[in-house]
Amino acid sequence: LGKFGRGETLGQLNPKTQSPISKVIWDWPTDEPFRVEKAFEQNPELVDDPRALIEFAVEEFADRRDAGEDVSATTYAQRFPEVQTHLLDSLVVDQGFRENSDWVQDILSRKPDQYDWPAVGETVVGYKLLEPLGSGGFSRVYLANDPKVPGRKVALKLCRQETHEATHLANLNHRSIGVVYDVTRDSGRGIGVISMQFRSRTTIHNIVTKLWGGRSPESAEAVWDVVRTGNQLSGEAPEWSQATFADWVLDLAIELARGLAESHENGIVHCDLKPANVLVDREGRPILVDFNVAFRRDATASPGNVGGTLPYMAPEQIRAFAGQGYSELAPATDLYGLGATLYELLTGQLPFGPIQSAEDGIRPLLSVRKVRPRSMRRRNPGVDIEFERLILDCMSYESKARPQTAHELADALERIRTRRMVDAAEIGRRRMTRWGSAAAVVSLGAVIGIGIVEERPTPAPMPVAGIP
């Protein structure tokens with residue numbers, strides 16, 4: 001219907017192919033504004049059909065926009081809470097996407113940055129670049145010598161675009177979030193320079209790539225091997241590496257959730273939580289980095305600020321690509337990215353299958369997220385059932401169906417860890433009880449046997465006594 005003006009091609013349509021809903025829209029007088037309430041008043045048989053509500057609401061929205069009204073799709077959809085999410089999808093795809101199609105495609109298919117970045121060995125505002133650590137669309141990260149603190153190495157981030165990342169990070173204080181040392185600018189090169197604490201070269205992306213070539217990892221020792229090799233470490237394996245792989249991921253999830261809670265309490269939503277943006281240090285702890293596309297929830301933002309990485313983006317983030325801005329983005333948006341990251345870490349697979357092409361548009365990206373990802377336990381039986389449920393809940397299509405705060409998620413994860421520790425202790429106690437009973441019986445048998453031998457006047461073979 002969106003391809004034509006209402007009534008313009010009515011004569012070209014076969015009346016037998018028109019549904020009752022589309023017929024109402026097509027038959028509506030062209031000189032009369034379309035209104036949902038009046039449409040239902042005239043067609044009461046459609047009142048209980050949610051499809052009618054969505055189609056009528058889309059038509060009214062388009063009618064209001066055509067009349068010159070400044071109507072926000074997000075605000076408008078709130079008028080219809082029973083179909084709000086599905087209606088918003090329709091408004092974004094059928095209205096916003098067409099109106100911003102060139103801009104959306106430009107964002108979805110950004111070309112690699114062609115900027116002539118400094119080379120290893122060069123010096124940038126006093127920092128000597130030692131090796132590359134990572135890269136993004138508009139930034140590069142290097143290991144560098146800190147000119148202000150002899151012997152200290154830092155992660156030096158160079159940014160082409162103006163960014164508030166350093167300001168965001170300066171307000172946060174949590175061991176699972178990167179620490180900023182200094183912020184400056186290289187005027188000659190026209191780039192921003194952020195000096196940050198260097199804790200690791202290894203990301204969750206590296207771990208997934210190394211560990212998921214075949215069967216699921218059983219022990220966190222495999223993680224330690226990746227961290228040790230990537231950071232050129234030596235010495236004995238640390239204690240954390242003795243945990244099962246799934247239990248290590250549970251510990252990591254708790255740490256990340258606590259770090260996100262710190263960020264959200266300061267009004268900052270990360271918006272790009274993915275395996276490549278989580279480092280793992282020698283203690284097995286996560287460090288969330290790259291707040292380049294993060295924003296303050298109390299700040300005014302425009303659609304041009306929208307960022308993220310498609311496989312880990314929540315539906316509301318994808319809708320923002322179509323020009324709806326940040327009004328829907330909230331802490332639950334980051335929890336979606338965390339859920340997708342943990343899913344990939346525990347299975348070696350993306351939760352919604354192969355990455356869709358940008359050319360497919362927004363509709364497939366939204367549609368695929370409406371189907372709950374397949375069970376992780378089919379790929380990795382070691383995942384706790386409750387842990388799996390929480391991760392899948394984080395990726396719920398409706399943001400209200402996810403944990404609403406990072407604290408809420410962290411507390412739930414803590415309860416799972418406590419329960420698993422209690423279960424493990426109980427299993428250990430039972431094993432010790434069985435082993436202890438067996439040892440006691442054998443010892444008793446030995447004593448009985450010795451007594452029997454001592455009472456006999458002549459040597460005789462020791463009987464096997466007391467053993468059932």
Side-chain angles (χ1 to χ4, degrees), residues 131 133-134 143 155 175-176 178 198-259 273-289 309 311-312 337-351 353 373-392 394 413-414 416-421 423-425 427-428:
E131 66 177 87
L133 293 178
L143 183 67
R175 64 186 180 187
S176 293
F198 171 69
R199 286 171 60 182
S200 180
R201 296 178 178 85
T202 305
T203 66
I204 288 181
H205 175 73
N206 299 141
I207 293 170
V208 170
T209 302
K210 296 287 186 182
L211 298 191
W212 279 102
R215 56 184 298 180
S216 60
E218 295 181 358
S219 168
E221 190 170 1
V223 178
W224 164 246
D225 286 340
V226 179
V227 174
R228 175 181 55 80
T229 302
N231 291 281
Q232 303 165 14
L233 303 174
S234 58
E236 296 183 0
E239 184 178 351
W240 64 265
S241 69
Q242 304 308 308
T244 67
F245 178 70
D247 282 338
W248 170 76
V249 176
L250 177 59
D251 288 341
L252 178 133
I254 293 171
E255 288 285 319
L256 279 175
R258 295 297 185 201
L273 209 162
K274 60 182 179 181
N277 283 343
V278 181
L279 299 168
V280 178
D281 68 11
R282 64 190 304 160
E283 301 300 325
R285 298 184 183 278
I287 309 103
L288 181 59
V289 297
T309 305
Y312 312 95
L338 176 58
T341 295
L342 295 174
Y343 187 101
E344 186 176 3
L345 179 56
L346 284 166
T347 66
Q349 299 175 341
L350 293 170
R374 65 185 299 182
S375 170
M376 293 183 291
R377 288 169 56 81
R378 295 179 63 178
R379 175 79 166 161
N380 187 347
V383 179
D384 183 274
I385 294 176
E386 283 298 304
F387 188 23
E388 176 188 59
R389 182 188 62 78
L390 267 179
I391 292 174
L392 296 180
C394 283
L413 293 170
E414 288 272 16
I416 294 173
R417 181 166 66 180
T418 299
R419 188 250 303 156
R420 288 184 63 80
M421 292 173 65
D423 290 348
I427 291 172

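Listed here is the closest heavy atom pair of Val208 and Gly348: CG1-CA, 4.2 Å. Closest heavy-atom contact between Ala220 and Trp248: CB-CB, 3.7 Å. The shortest non-hydrogen separation linking Ser200 to Leu279 is O-CD2, 3.8 Å.
Between the side chain of Thr202 and the main chain of Val280, no donor-acceptor pair closer than 3.5 Å is present. Between the side chain of Asn380 and the backbone N or O of Met376 there is no donor-acceptor pair closer than 3.5 Å. Put simply, the side chain of Trp224 never gets that close to the backbone of Trp240: no donor and acceptor are under 3.5 Å apart.
Contacts of Arg389 classified as salt bridge (Lys or Arg N to Asp or Glu O under 4.0 Å), with partners at least two apart in sequence or in another chain: Glu386, Asp393. Residues passing the salt bridge (Lys or Arg N to Asp or Glu O under 4.0 Å) test with Glu255 are Arg175, Arg285, sequence neighbours excluded. With sequence neighbours excluded, the residues that form a side chain to side chain contact (heavy atoms under 4.5 Å, CB included) with Ser375 are Arg377, Arg378, Glu388. Contacts of Pro217 classified as side chain to side chain contact (heavy atoms under 4.5 Å, CB included), with partners at least two apart in sequence or in another chain: Leu211, Trp212, Phe245. With sequence neighbours excluded, no residue satisfies side-chain hydrogen bond (donor to acceptor under 3.5 Å, both in side chains) with Ser216. Here Asp247 pairs with Thr244, Arg420 under the side-chain hydrogen bond (donor to acceptor under 3.5 Å, both in side chains) rule; sequence neighbours left out. With sequence neighbours excluded, the residues forming a side-chain hydrogen bond (donor to acceptor under 3.5 Å, both in side chains) with Arg417 are Asp251, Glu414, listed by chain and number. Residues meeting the side-chain hydrogen bond (donor to acceptor under 3.5 Å, both in side chains) test with Asp281, sequence neighbours left out: Arg199.
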*Evaluate side-chain contact (heavy atoms from CB on, under 4.5 Å) for Val278 paired with Leu345, printing each intermediate quantity in order.*
CA-CA 11 Å; Val278 181; Leu345 179 56; over 6 Å; no
- Tell me, with the steps shown, if Arg419 and Asp384 meet side-chain contact (heavy atoms from CB on, under 4.5 Å). CA-CA 11 Å; Arg419 188 250 303 156; Asp384 183 274; 2.8 Å; yes
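Distance check, rounded to the nearest 0.5 Å: CG of Leu346 to CD1 of Ile391 gives 5.0 Å. Of the inter-residue distances, the one linking Leu342 atom CG with Leu338 atom CG reads 4.5 Å to the nearest 0.5 angstrom. Atom CG of residue Asn277 and atom OH of residue Tyr312 lie 10.0 Å apart, to the nearest 0.5 angstrom. Between the CG atom of Leu390 and the CD1 atom of Ile416 there is a distance of 4.5 Å, given to the nearest 0.5 Å. To the nearest 0.5 Å, the span separating CD on Gln242 from OG on Ser219 amounts to 6.0 Å. Atoms CG and OG, from Leu256 and Ser176 in turn, are 6.0 Å apart once rounded to the nearest 0.5 Å.
You'll find the side chain of Ser241 stays beyond 4.5 Å of the side chain of Val223, heavy atoms only. Here the side chains of Tyr343 and Leu350 are not in contact, with every heavy-atom distance at 4.5 Å or above.
Salt bridge status for Lys210 with Asp225: absent, with no side-chain N to carboxylate O gap under 4.0 Å.
By the neighbour-count criterion of 12 heavy atoms within 6.0 Å, atom CG of Leu233 is densely surrounded, having more than that number from other residues, nucleotides or ligands. The 12-atom threshold is not exceeded at CD of Glu218, counting heavy atoms of other residues, nucleotides or ligands nearer than 6.0 Å.
A side-chain donor from one of Asn206 and Thr203 sits under 3.5 Å from a side-chain acceptor of the other.
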